[in-house]
Amino acid sequence: MNPAQLVALYPVLAQLPAGLLQRIVDAMQTLSVPSGTTVFDEHQPCRGFPFVLDGAIRVVKLSASGRELPLYRVLAGESCIISSSCLLGHADYNARGVSEGATTLALLPRPLFDEMMAEAVFRDFVFSLFSVRIADLMQLVEEVAFRKLDQRLAALLLGKGRVVYATHQQLADELGSVREMVSRLLKGFAEQGLVRLGREQVEVLDAAGLRRTASVT
């Protein structure tokens with residue numbers, strides 16, 4: 001592990017007491033996984049505080065039927081609040097983390113995490129992550145609870161450019177829905193002339209019409 005690389009991604013570490021950074025680097029376990037790997041899963045114990053060095057981790061909540069609701073993504077330079085809450089609360093994971101693309105992360109063992117939480121700068125870093133993620137999750141709750149699926153699908157398509165390269169299943173996963181419902185809505189959009197459906201892609205033909213759909217209350 002290169003300390004300079006770690007500090008470049010996580011500048012807060014440079015503010016820790018002298019000597020602590022090297023102990024952190026020496027104690028870290030580096031893990032490289034291919035895309036689609038389950039990095040952690042529900043009911044598993046948390047093995048440490050993750051620093052994402054490359055790639056990304058998609059954090060999802062699973063229903064009893066196996067459907068996924070995407071919660072957030074952890075990119076390089078960020079960390080996972082569910083991991084933090086598990087470490088702080090001495091609890092198991094209550095969500096699943098899956099790598100997006102080839103992903104490299106370094107795990108900080110619990111004893112060092114506990115020691116670092118005594119440092120104000122690192123504690124502020126962790127709690128600032130909580131603040132940002134909770135705001136994102138509140139927006140997700142609002143989307144799921146108060147916006148219809150057709151509105152959310154229209155907004156999702158608009159945010160991906162003129163041509164969306166994704167399967168109906170992938171779009172359903174992003175929306176926390178099922179493929180059949182998304183396919184039915186996409187077919188309706190196509191009949192209205194809003195989109196053109198192709199193999200594993202959706203071409204936006206009428207962005208203004210999609211915006212009207214997305215904004216209907």
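Keep in mind that the numbers below use all heavy atoms, side chains included, and drop hydrogens, waters and symmetry copies. Residue numbers count from 1 along this sequence.
Both L9 and F113 sit in one connected hydrophobic cluster of ILVMFWY residues. Membership requires side-chain heavy atoms under 4.5 Å apart, directly or through other members. Residues L107 and V98 do not share a hydrophobic cluster, defined by chaining ILVMFWY side chains whose heavy atoms lie under 4.5 Å apart. Taking hydrophobic clusters as Ile, Leu, Val, Met, Phe, Trp and Tyr residues chained together by side-chain heavy-atom distances below 4.5 Å, L194 does not share a cluster with L205. Tracing side-chain contacts under 4.5 Å through hydrophobic residues (I, L, V, M, F, W, Y), one reaches L88 starting from L137; they form part of the same cluster. L62 and V39 fall into different hydrophobic clusters, where Ile, Leu, Val, Met, Phe, Trp and Tyr side chains are chained together by heavy-atom contacts under 4.5 Å.
Considering R58, R179, R152, K160 in turn, K160 is the only one that fulfils the salt bridge (Lys or Arg N to Asp or Glu O under 4.0 Å) rule with E174.
The existence of a salt bridge linking R23 and E115 is confirmed by a sub-4.0 Å separation between a basic side-chain nitrogen and an acidic carboxylate oxygen. At a threshold of 4.0 Å, the pair E42-R96 does not count as salt-bridged, since none of the basic side-chain nitrogens sits closer than that to a carboxylate oxygen.
Contact detail for Q151 and T213: the closest heavy-atom pair is CG-O, 3.3 Å. In terms of heavy atoms, I24 sits closest to M116 at CD1-SD, 3.4 Å.
Between I57 and R73 the shortest side-chain heavy-atom distance does not fall below 4.5 Å. The closest side-chain heavy-atom distance from C86 to F40 is not below 4.5 Å.
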Exercise. After noting the C-alpha distance and the side-chain angles of Y10 and S79, does the key distance pass the side chain to side chain donor-acceptor pair (under 3.5 Å) rule?
Worked result: CA-CA 10 Å; Y10 296 90; S79 196; 5.6 Å; no
For this session: Please assess S35 against S99 for the test side chain to side chain donor-acceptor pair (under 3.5 Å), listing each intermediate value before the final yes or no.
Result: CA-CA 5 Å; S35 181; S99 59; 5.2 Å; no
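Summarising the geometry, atom OG belonging to S177 is positioned 10.5 Å from atom CG belonging to L69; distances are rounded to the nearest 0.5 Å.
Between the side chain of Q44 and the backbone N or O of D41, at least one donor-acceptor pair lies under 3.5 Å. Under a 3.5 Å cut-off, the side chain of R162 and the backbone N or O of E203 do not form any donor-acceptor pair.
Around the CZ atom of R47, the shell of radius 6.0 Å holds no more than 12 heavy atoms that belong to other residues, nucleotides or ligands.
Using the six-membered ring where Trp is involved, F51 and F49 have ring planes that are perpendicular, over 60° apart on the 30 and 60° scheme.
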